[in-house]
Participant: 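Take this structure first; my questions come after.
The chains referred to below are lettered A, B, ... by the order of the sequence lines, with proteins before strands, and numbering in each begins at 1.
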Amino acid sequence: MGRRFPLSIIPVWAFLVFVIWYFALPLVWMVVTAFNPNAYSVAFEIPKHPSLANFLKLAKPVSGVVPYQWIVNSVIISLATAGLTTAVSLGAAFVLTRFSFRGQGAMLTAFVIFRLLPALLIALPLLILFRMWGLLDNYGALILALSALILPFTLMIAESYFRAIPITYEEAAMIDGCTKVGAFLRVTLPLAAPGLATIFLLAFVIAWSQFVLPLFLIRTPSLFPASVGIYFFYGQYGKVDYGKIAAFSLIYSIPVIVVYFVIQKYLRKGIAGLVAR
Amino acid sequence: MSTVRLENVTKIFPPNVVAVNNANFKVEKGEFFVLLGPSGCGKTTTLRMIAGLERPTYGKIYINEQDVTDLPPRLRDVAMVFQTWALYPHMKVYDNIAFPLRLRKVPRSEIDRKVREVAKLLRIDDLLDRYPKQLSGGQQQRVALARALVRSPRVWLMDEPLSNLDALLRVQMRAELKRLQKELKITTIYVTHDQVEAMSMADRIAVMNKGRILQIAPPKEIYEKPRTKFVGGFVGTPPMNFIPVTFVVENDKYLLKGEGFSIELPKELGEYLREKVGDRAELDLGVRPEHIRISTSEEPNAIPATVYIVEPLGTETIVNVKVGETLVKIKVIGEALFEPSTRVWLVFDINKIHLFDTKTEEAVI
Amino acid sequence: MPAERGLSIAAIVIAIIAIIIAGIAIGQAMSKPHVLTKTVVTTVVKSAVPVTKTVVKTATATVTKTATMTATVTKTSKPIVLTIEYGEPWKDLVQPAIQKFEAWASSHGYNVQVKQVMLPYGINFMQRISSDFAAGTAGDVVIIDSFMIPAFAKAGYLYPLDNFVKNWPDWQYYPEPMKKIVTWFGHVYGIMIDTDVRMLWYRKDIFKMCGLPVPWQPKSWQDIIKAAEKLKSCAPKIEKALGINEFYPLYFPAGTKWGEATTMQGFYMLLLGAAKPPYNRLYDYKTHKWICKSTALYRSFWFYVYTYKNGLEPVSYNFVSNVWGTMRKVFSEGKVAILVGGSWEWGEGWGPQGIAPLKPCLQKCGCTGGKCTTSSQIQCYTACEAQYIGFAKMPSYNGSRWVTISGGWAIVINDKLANNPEKLQLAWKLITFITSRDNEAQYCAKYGKICPRSDCAEVPIYAKNTYLKEISQFLKFTDFRDALPGYTKVSYAIQQVTGMIAKGEITNAMTALNKYCDLVKRYVGANNVEVLPVQTS
Amino acid sequence: MERWVNLSGAGKSAAPASARTAALVEFTLPKLLIVPALALIGLFVVFPLVWSVVMSFTNYSMLGVTARKWGFIGLKNYIWVLTDPDFQAAIANSFIFTIVSALIGQALLGLALAVVMRMKGPEGWVGAATKVLKVIAGALVFVAWIIPEVVAGYCWAAAMSRGGLFTAMFGINYNFYVRHPLQAMIIANIWRGTAFSMILFMAALESIPNYIYEAAEVDGATPWQRFRYVTFPLISNALLVDFILITVWTFGLFTLIFTLIGPQMDYMWTLYVYVLATGRMGPPWTGPGPLSTAAAAADIMFVIVLALITGYLYALRRLRRWA
């Protein structure tokens, strides 16, 4: 063809290759090690006989706890937290978008502040309080605390979502014979269902990834969620079976990755919203 | 068929925006009542208060002489057609129309019968299986009407239902709506900013501006006897021309003096005017474009003007002329060929002029 | 559109399930009787959703079942529930005793149920138990590290056992040091269940490779350093022979990752021999002050600085997340030749069923899966182990005497039983089953731990163990920690300073001493410390 | 949008009681739906924050006598924390870490990535190859951002361990995160957080309509001038938002660093607070695990974080006024 090779593309390629190398580094190690049945050191080696042995090993108890129990714990905690936050932020967003009252602006500002607070600043006093109340190691209390931590996120999303749905539909429904709440439930809610699903999924993965609160508030290994479980695993006595940890990390990461790729369109829109404002 | 009555209704939005200022009127049974005014004049707020979507800050609202001020919308038995039609996007047309009936726990067969009946009436019976998104604007409009009609409400409220349609369709729907209303004899309150729509459909019109109701009257009266300068200017296309004049009494002659002209009024009229405003007053002379005739030669009581630009519109022509600094539009039937800067004289029937007080803007005659 | 609807329907279904689970969780929070639950949650939730009560109840049961470990459940009307909290290493001591206790209880008409809270390997037992005590959620009977007894007793967590031991015939079999360790201000607060000594472990095969004498017994600190320096010069040879990529002659634990072990295993073994008593301690019992600076402290820091600065000791093993496992593994692999460690390592660390057994011995004895199981394999392994690993007594600074230190764990009764005489009696009965001669002997022999009861020697399985017999000699010159309230903080200061030495942030013994003194002043208050003269030679 | 307001407005005479009740039930009671959210946040966020301030004036601790019998001791904890060399080091390192890893690392790399991602490639196989590289890079950067922090920390700890990837690639024969914790933290955090800046800048770049570039090109601007006078001013909003957000996030980072370098109190204020709360040291007046002293340290940081957030809100408000 004789078309000249564009030399200017080379620095771009170099940059992209560097980025790929940098970002793939630990991930590739994790994935490869997870399938290496004999990974007793941190060294990166491509297994000669890749197998699922590590995943099977996770079904055997380590110090009295089957690692998969941690996944189950995480599922319980995250589902409950996501359900609770979705329900609560639904109600709150309804009030915030469908009524106007004094202190509304201040409330929204407060939510922005809470959304940006480092979790540690809340975890420490919660540790103190839960100790005093005897609520350490208590799932119910953990779920409530997690929900409170996640609520500002989901609430703001729900708020912007409902604000985007014209109120006229509700007014029409009210004239057609609904109560105010009824109109919201029968008309706006079905319209917001995809948004609610997004909120639920987002709350789920945030709760799923949460580390600080369970670290502070849960002390019994059999009650750990997966995040603290990994840390516990890593600090295990005896041989460190890196393959097993990698396998566990992989299982633990997959739901998050799947969920984020499902909601990524919304996510990008949300981030773009930060700019547009 | 019901009546609607507003008593001293005022609506103030926080912090202190007065949207509706002391509205009082009564809509009679089966009447087609139009609230007309520019956007932001408070007409929609008035309608929403009747619907129950807003609560008046002061005053009372009666439907059939029953006080409904505190009643939530669902207990008022009114139907409303929104500007955007507000069809529920997640429901099919059938469900949209059936929705109000379902909420009232009407038996299934009855719902089905009524929905089909009203769909037939509005000629949308072949669209029942579609979602609103799949419909054209006109079709959506009909569905919204159907939803409002299906439960035979006490009052029909319409908030600029035609404004989202294209011009041709709007004219067509206008007639159809009017026919429907007359046929079903439902009390209707209709909000619009389009004076043509108001004139062509209304039994009575209430013209609003800045939260106040300026005049309530049948269309003909609104047109012929505007009570304020605003009403006169708002109704009619092109709008009424206003020329600033001074009313003076000189040597027993009653004159309207303007920039470079002077018109003598008939004696009766002059005396009437003198009684009303005194010997000397600043007024606005209001003349509708169709009531002016252009003369190329000087005539008594004519106003000298200069042609500014000519807009031929086919069957008629709008001639813009300048009287001093004031632009005056004149409607001429057929073609009118004037070169810009031509000097002309404006002649008009003295019985068809309006005079408004410059300060209060109220009609003097 | 249909896809979206499907998604939303799925989401709603999941949300409903989730809300139910949240309800269960709240129910669980309510099922524990405490302040918040009773006042806040109960009022809010109960008044709002009385309907879910039954759902919550049934579901709570399932959640509790999966979440906590409940031992044998005797299904009678209202059993007394006795909770025992202990770490996994004492599993084989506690569990057989519980069975016997329960058999005894049912035959004597007690309706008692023992709930076990077993803390598995990997968590910091004492940290967890301490916070449980502080929070009031600790078990009725708890196995704790004996050095915590003064602090716990002062805080009022422990029930004094004086009246029980007075009438307990077995009490006479506990030697005086074992009684002293559980006594504070004249009251007995616990019963020792095991004890230990510390020594220098070394690799015979590596010593031979480098031409060092085997068996080896250093006479002074200089001997240790000399041997270590010699080994360092042989490093390439050793690495090649063992097929390893790194080699360190010596390993004294340092840093905060090791926690208390840095102080107990590493620092105390130096300090106790660094000067003459009573100036070889952290606490001055005459003036009742913590010692901020002294010759002994200086010399101990000097040893750390010298060995770490000269690359005789591994830095990074002190900072991995699993310091214990790493230590055992690297010694077993030959990456470390001399290790200061506890007597339990013989069994728990590189024994035939230990955590890091010797690979050559495993191969030789045909043990598969990293553990020897049959008795012939175990015999073969034990013989082989003696070829590779030896131990020596820790000498003092100038070689005037031998040094070791003992700790060990004790079983105590929670003070919250004070108002419940029946439960108190049962708790004590349970302790007597756990600390009975045969039970102790069985357990200690299996784990290579030293039995705190002198009559253990009458039990054949214990008496047969030559290793235990040998290390029991150490008890003659053993010593104890200055386990007063405040000790944990002083210990933490040692961990911090040794950590800085290991990382190379401090390269001078005097700087280390000053830093230590600063920290101790900050932690216990400047009024509670004293500065003794420091000899820097 | 006008809403139902002012239900209890003045100036109305007696209405039928039932209608008033109906209105109350319909329009006032639903407002209570916000109560669960407020209760949850009040009980588990606001109250703990207040409580931590209260506790910072006491000698409460995790263990020891003061775990049960505690009292008020004034400002002692604050003085102890502020004079603690570890705390001073922690704050200094926190700022260095935040500035280098967030403001320089994440923002710059994110901007570069966004620009490259939006660049139009040449045609033919070269363009196709570039596109493939772009997709892979984008996906990896995104994944690094979303995987749980614990996993990220664990992977990096393994990579930086002796014998791990760093040894294999750079021949670093020691635990990198032990000897150079700050560098390790920075490397891991840039890895972790770049995606946010990238996505934000991509969105910002996309919001610039193409005709502006065309106009600039017609006006004869060089590529650099186009960036300097067109792109940069138009994404400066995004830049500001990005800077403040990643600063706040990075400054409050705990999990990633904790799992990477462990509880080393002098490298990050969050770690300092954690070690103080769970460790065994502390001032003389409290027992081991001085929760009250940790609360004092946390409250000092709370003020700093609040200042950062206030800066964010202020900037946002100014942006809106400008826009």
Participant: As an exercise: rank D:Val248, D:Leu240, D:Val45 by heavy-atom pairs under 4.5 Å with chain A and give me the winner.
Facilitator: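 Of the options given, most contacts go to D:Val45.
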Participant: So if I apply the side-chain contact (heavy atoms from CB on, under 4.5 Å) rule between D:Lys134 and each of A:Val19, A:Ile20, A:Leu16, which one comes out positive?
Facilitator: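 The side-chain contact (heavy atoms from CB on, under 4.5 Å) with D:Lys134 is passed solely by A:Leu16 among A:Val19, A:Ile20, A:Leu16.
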Participant: Are D:Trp145 and A:Phe23 side-chain neighbours, meaning at least one heavy-atom pair lies under 4.5 Å?
Facilitator: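 D:Trp145 does not reach A:Phe23 side chain to side chain.
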Participant: For a 4.5 angstrom cut-off between non-hydrogen side-chain atoms, does D:Val305 reach A:Pro118?
Facilitator: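 In short, these two side chains touch, coming nearer than 4.5 Å.
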Participant: Test side chain to side chain contact (heavy atoms under 4.5 Å, CB included) on D:Phe142 and A:Gln264 and set out the steps.
Facilitator: CA-CA 10 Å; D:Phe142 188 61; A:Gln264 77 161 313; 4.0 Å; yes
Participant: Output, in order, the C-alpha distance, side-chain angles, deciding distance and verdict of side chain to side chain contact (heavy atoms under 4.5 Å, CB included) for A:Leu25 and D:Trp191.
Facilitator: CA-CA 10 Å; A:Leu25 207 75; D:Trp191 181 84; 5.7 Å; no
Participant: Between A:Phe216, A:Phe261, A:Phe15, A:Phe44, which residue shows the highest count of heavy-atom pairs closer than 4.5 Å to chain D?
Facilitator: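 Max contact count across the listed options: A:Phe15.
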Participant: Among D:Ile136, D:Leu113, D:Val273, D:Leu49, which residue has the highest count of heavy-atom pairs closer than 4.5 Å to chain A?
Facilitator: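 Sorted descending by pairs with chain A, the first entry is D:Leu113.
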Participant: Under a 4.5 Å heavy-atom cut-off, does chain A meet the side chain of D:Met169, its backbone, both or neither?
Facilitator: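 The answer is the side chain of D:Met169.
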Participant: Can you tell me which portion of A:Phe248 sits under 4.5 Å from chain D's heavy atoms? Options are side chain, backbone, both or neither.
Facilitator: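 Neither; nothing under 4.5 Å.
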Participant: Quick one, A:Tyr242 with D:Tyr154, criterion side chain to side chain contact (heavy atoms under 4.5 Å, CB included). Give me CA distance, side-chain angles, the key distance, then yes/no.
Facilitator: CA-CA 10 Å; A:Tyr242 289 93; D:Tyr154 157 71; 4.1 Å; yes
Participant: With side chains defined as the heavy atoms from C-beta onward, is the minimum distance between A:Met30 and D:Ile147 less than 4.5 Å?
Facilitator: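 With C-beta onward as the side chain, the pair stays apart.
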Participant: Please tell me if the side chains of D:Val143 and A:Tyr260 come closer than 4.5 Å, counting only heavy atoms from C-beta onward.
Facilitator: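 No, their side chains stay 4.5 Å or more apart.
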Participant: Among A:Ala119, A:Ala246, A:Ser89, which residue has the highest count of heavy-atom pairs closer than 4.5 Å to chain D?
Facilitator: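 Answer, by heavy-atom pair count under 4.5 Å with chain D: A:Ala246.
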Participant: Measure the CZ-CG distance between D:Phe254 and A:Leu215 for me, rounded to the nearest 0.5 Å.
Facilitator: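 The CZ atom of D:Phe254 sits 5.5 Å away from the CG atom of A:Leu215.
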Participant: Measure the spacing between CG of A:Leu144 and CG of D:Leu43 and express it to the nearest 0.5 Å.
Facilitator: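 Going from the CG atom of A:Leu144 to the CG atom of D:Leu43 covers 8.0 Å.
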Participant: Is chain A contacted by the side chain of D:Ala39, its backbone, both, or neither, given a heavy-atom distance below 4.5 Å?
Facilitator: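 Neither the backbone nor the side chain of D:Ala39 comes within 4.5 Å of chain A.
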Participant: So, taking the atom named CG in A:Leu120 and the one named OG1 in D:Thr270, what distance separates them when rounded to the nearest 0.5 Å?
Facilitator: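 Those atoms lie 6.0 Å apart.
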Participant: Taking side chain as everything from C-beta outward and backbone as N, CA, C, O, which of these in D:Ala168 sits under 4.5 Å from a heavy atom of chain A? Side chain, backbone, both or neither.
Facilitator: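 Looking at D:Ala168, nothing touches chain A.
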Participant: Under a 4.5 Å cutoff for heavy-atom pairs, which residue among D:Leu109, D:Leu38, D:Leu140, D:Leu32 has the most contacts with chain A?
Facilitator: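 Sorted descending by pairs with chain A, the first entry is D:Leu140.
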Participant: So for D:Val126, is it side chain, backbone, both, or neither that comes closer than 4.5 Å to the heavy atoms of chain A?
Facilitator: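 Its backbone and side chain both get close to chain A.
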Participant: Any idea which of D:Phe258, D:Phe251, D:Tyr312, D:Tyr274 has the most non-hydrogen atom pairs under 4.5 angstrom with chain A?
Facilitator: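 Max contact count across the listed options: D:Phe258.
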Participant: Closest heavy-atom contact between A:Pro125 and D:Pro48?
Facilitator: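 A:Pro125 and D:Pro48 have their closest heavy atoms at CB-O, 3.0 Å.
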Participant: If we define contacts as heavy-atom pairs under 4.5 Å, which of A:Ile122, A:Leu90, A:Leu124 has the most with chain D?
Facilitator: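 Max contact count across the listed options: A:Leu124.
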Participant: Could you tell me which non-hydrogen atom of A:Ile128 sits nearest to which non-hydrogen atom of D:Ala295, and how far apart they are?
Facilitator: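 In terms of heavy atoms, the two residues are closest at CD1-CB, 4.4 Å.
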Participant: Name the region of A:Ile113, side chain, backbone, both or neither, that has any atom closer than 4.5 Å to a heavy atom of chain D.
Facilitator: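 Both parts, backbone and side chain.
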Participant: Is chain A contacted by the side chain of D:Leu306, its backbone, both, or neither, given a heavy-atom distance below 4.5 Å?
Facilitator: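 Answer is side chain: those atoms of D:Leu306 sit under 4.5 Å from chain A.
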Participant: Between A:Trp29 and D:Trp156, is the side chain to side chain contact (heavy atoms under 4.5 Å, CB included) condition met? List the steps.
Facilitator: CA-CA 10 Å; A:Trp29 175 84; D:Trp156 274 107; over 6 Å; no
Participant: Less than 4.5 Å to any heavy atom of chain A: does that hold for the side chain of D:Ile146, its backbone, both, or neither?
Facilitator: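 Both parts, heavy atoms under 4.5 Å.
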Participant: For a 4.5 angstrom cut-off between non-hydrogen side-chain atoms, does D:Val35 reach A:Val95?
Facilitator: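 A side-chain contact under 4.5 Å is absent here.
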Participant: Which atoms form the tightest heavy-atom contact between D:Leu40 and A:Ala148, and what is the distance?
Facilitator: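 The answer is O-CB, 3.5 Å.
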Participant: Can you pull out every side chain to side chain donor-acceptor pair (under 3.5 Å) where at least one residue sits in residues 9-23 of chain A? Sequence neighbours excluded, please.
Facilitator: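 For residues 9-23 of chain A, and leaving out neighbouring residues, the side chain to side chain donor-acceptor pair (under 3.5 Å) pairs sorted by first residue read A:Trp13-D:Thr130.
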Participant: Would you mind reporting whether D:Pro30 and A:Phe94 have side-chain heavy atoms less than 4.5 Å apart?
Facilitator: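 A side-chain contact under 4.5 Å exists here.
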Participant: At what distance, to the nearest 0.5 angstrom, does CZ of A:Phe101 lie from NZ of D:Lys31?
Facilitator: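 The distance works out to 7.0 Å.
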Participant: Using a 4.5 Å cut-off on heavy atoms from C-beta on, say whether the side chain of A:Leu117 contacts that of D:Ile309.
Facilitator: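 Touching, per the 4.5 Å side-chain cut-off.
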Participant: Holding to side-chain contact (heavy atoms from CB on, under 4.5 Å), I want the full list of residues that pass it with D:Phe47, two or more places apart in sequence or in another chain.
Facilitator: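 Partners of D:Phe47 by the side-chain contact (heavy atoms from CB on, under 4.5 Å) criterion, ordered by chain and then number, come out as A:Leu129, A:Trp133, D:Trp51.
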Participant: Would you mind reporting whether A:Leu126 and D:Phe44 have side-chain heavy atoms less than 4.5 Å apart?
Facilitator: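 The answer is yes, as the side chains (C-beta and beyond) meet within the 4.5 Å cut-off.
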Participant: Measure the CD1-CE distance between A:Ile9 and D:Met119 for me, rounded to the nearest 0.5 Å.
Facilitator: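 Rounded to the nearest 0.5 Å, the CD1-CE separation comes to 6.0 Å.
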Participant: Is D:Ser197 in contact with chain A via its backbone, its side chain, both, or neither, using a 4.5 Å heavy-atom distance?
Facilitator: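 When you check distances to chain A, no heavy atom of D:Ser197 falls under 4.5 Å.
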Participant: Closest approach of D:Met62 and A:Arg219, non-hydrogen atoms and distance?
Facilitator: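 Nearest heavy atoms, D:Met62 then A:Arg219: CE-NH2, 4.0 Å.
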Participant: Measure the CG-CZ distance between D:Leu33 and A:Arg98 for me, rounded to the nearest 0.5 Å.
Facilitator: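 Between atom CG of D:Leu33 and atom CZ of A:Arg98 there are 13.0 Å.
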Participant: Counting only non-hydrogen atoms closer than 4.5 Å, does D:Thr310 touch chain A with its backbone (N, CA, C, O), its side chain (CB onward), both, or neither?
Facilitator: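 Looking at D:Thr310, nothing touches chain A.
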